[in-house]
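What follows is a short report on a single structure.
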Amino acid sequence: MSPNPPTEILRGHLELILLSILEPRAMYGFEIAKEASSRTEGYFDFKEGSLYPALHRLEQAGWLRHELRELGRNGKPRKYYLLTEEGVKSLQRKRLEWARLAGAIRSVGGEL
Amino acid sequence: MKHHIQAFLNQATRGLPRKVRQDVQDELEEHLLEQQHKFRACGDSELEATRKAIAYVGQAPQISSGLRGVHMWPKVYAAGGMLAVMLFGIGFWTLQPASLAQKSSLERGILEGKVTVGVQRFSAVNIMGLKVPSIWEDIIYSDGLNAINYLIDRTPMPKQPMPFILSRANLDSKGSFSIDLPNNSAIDSYLIPAKDACWVETQCNSTTYVSSNQLKVAMVMVNGIRSDGIETLSFQQNKVGSEVKQKGTYLMYANQAGYLRRHVLSTKTMCERDTDLKLKAGWNWIVYSWVEKNGNTQVIERVGQGGSVWEGYPDALIKQMENDTVNNQHLEERIAQRLKERKAREKARASAKT
């Protein structure tokens, strides 16, 4: 799937994307990027420096927390991100918002 | 390849608080190494894989900017009025004509009262600085580091350059720092590890006098990245409000013992000079920026004591300085004297530590 989405679209939905990816299990940064790319056949490709600022922002917002787990290639513990309870609620809210938006766009004749 | 990655990490985390910076570097490093491994598995050489991994992860300034937005700005906003007070109280230096009180202006270093300088965008200042009396403004931030900010002084500049220095005090052990420039500002700041500080001024073989009518709005940033004898030098030329990144030849203006020198730098000449300049990973050289005389000049208003509004040198003084500069009188002695003083200070600091 290509090309990649415009930056502003990606940015606008970054939270939903990241929370969705992390919903099933904890992942570390590289894994998240890989998972996003793999699930969308390369459409979401986090290479714009947006991934880590977004993860940190979500963590500061209390939607994510992190755990240090096994050692990575740099010999330091990998930082896994997990959804908090607040994050789960936010994900639900964002999904609902997205569904409403999608419905509204459909209703005015837009294809989704 | 490690130095390439480290250089990228330094750049991508520039300006973050030390603790956060290390954590983020670890995280990004892991990402890069994973990415590198992926490319290696596809048959790329280590160097190629590293390059691709760095390119793939994204642009370092963008990452840095995003991370600072998360980790820095909330704190800056929270600091609110207090920060503003500190900005004006501690981080300002103003310039006075040399004939009046140039040295005392430099040594005072603290401007009391409110200062309004046109449109401003301040982030932080040298709020942790401990002043060391010298002809240069030496601010000691932490062990082994000096942030040296000094005014472009005694130089026949346009009538209204910005007579103050503002630097953002996001320092770390790698010696990187960043500055948010107000519009049309005049800045001349260096961050140099105290133990091996080496001034550009001592390395100048050629000097070109720049007369005031040649001055333009420009800032040259030289980012030196050097590690283990392998060097990559990148040059960034900033115009106020915009940024252009490209390799090439730029002019660097340095204030040397009160004289304005113009150096033509290029990748080649910088490489030839790099031993002298002692560029290291993550170093930034913010060389200067000022306003064109007939361009957008800065309106400076000062209320309070301890500072001054620089309204330009008297014509006679300009003439005198021009002659002085052209004749290059006593420059070597002054430089030697300053270096001697610097060494003495460093020695004193070292012995104080022990």
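Note on naming: letters A, B, ... go to the chains in the order of the sequence lines (proteins, then strands), and numbering restarts at 1 for each one.
- In the displayed structure, A:Glu70 atom CD is contacted under 6.0 Å by more than 12 heavy atoms of other residues, nucleotides or ligands.
- Remark: B:Glu30 engages A:Arg78 in a salt bridge, criterion side-chain N to carboxylate O under 4.0 Å.
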| said: Could you go through B:Lys38 and A:Phe30, starting from their C-alpha distance and side-chain angles, then the distance that decides it, and tell me whether this counts as side-chain contact (heavy atoms from CB on, under 4.5 Å)? | reply: CA-CA 11 Å; B:Lys38 195 173 148 187; A:Phe30 181 77; 4.2 Å; yes

| query | Do A:Tyr52 and B:Val24 pass the side-chain contact (heavy atoms from CB on, under 4.5 Å) test, and can you show the C-alpha distance, the side-chain angles, and the key distance before you say yes or no? | reply | CA-CA 8 Å; A:Tyr52 288 98; B:Val24 176; 5.7 Å; no

| task | Might you work through the side chain to side chain donor-acceptor pair (under 3.5 Å) test for B:Glu27 and A:Tyr28, ending with a clear yes or no? | result | CA-CA 9 Å; B:Glu27 196 172 18; A:Tyr28 60 98; over 6 Å; no

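- The two residues B:Asp26 and A:Asn74 make their nearest non-hydrogen contact at O-ND2, 3.0 Å.
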| So A:Lys76 and B:Gln22, side-chain contact (heavy atoms from CB on, under 4.5 Å) or not? Walk me through it. | CA-CA 11 Å; A:Lys76 293 171 184 168; B:Gln22 188 55 57; 3.9 Å; yes

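- The shortest heavy-atom contact between B:His31 and A:Leu51 is CE1-CD2, 4.0 Å.
- To the nearest 0.5 Å, the span separating CD on A:Glu31 from CD on B:Glu34 amounts to 8.0 Å.
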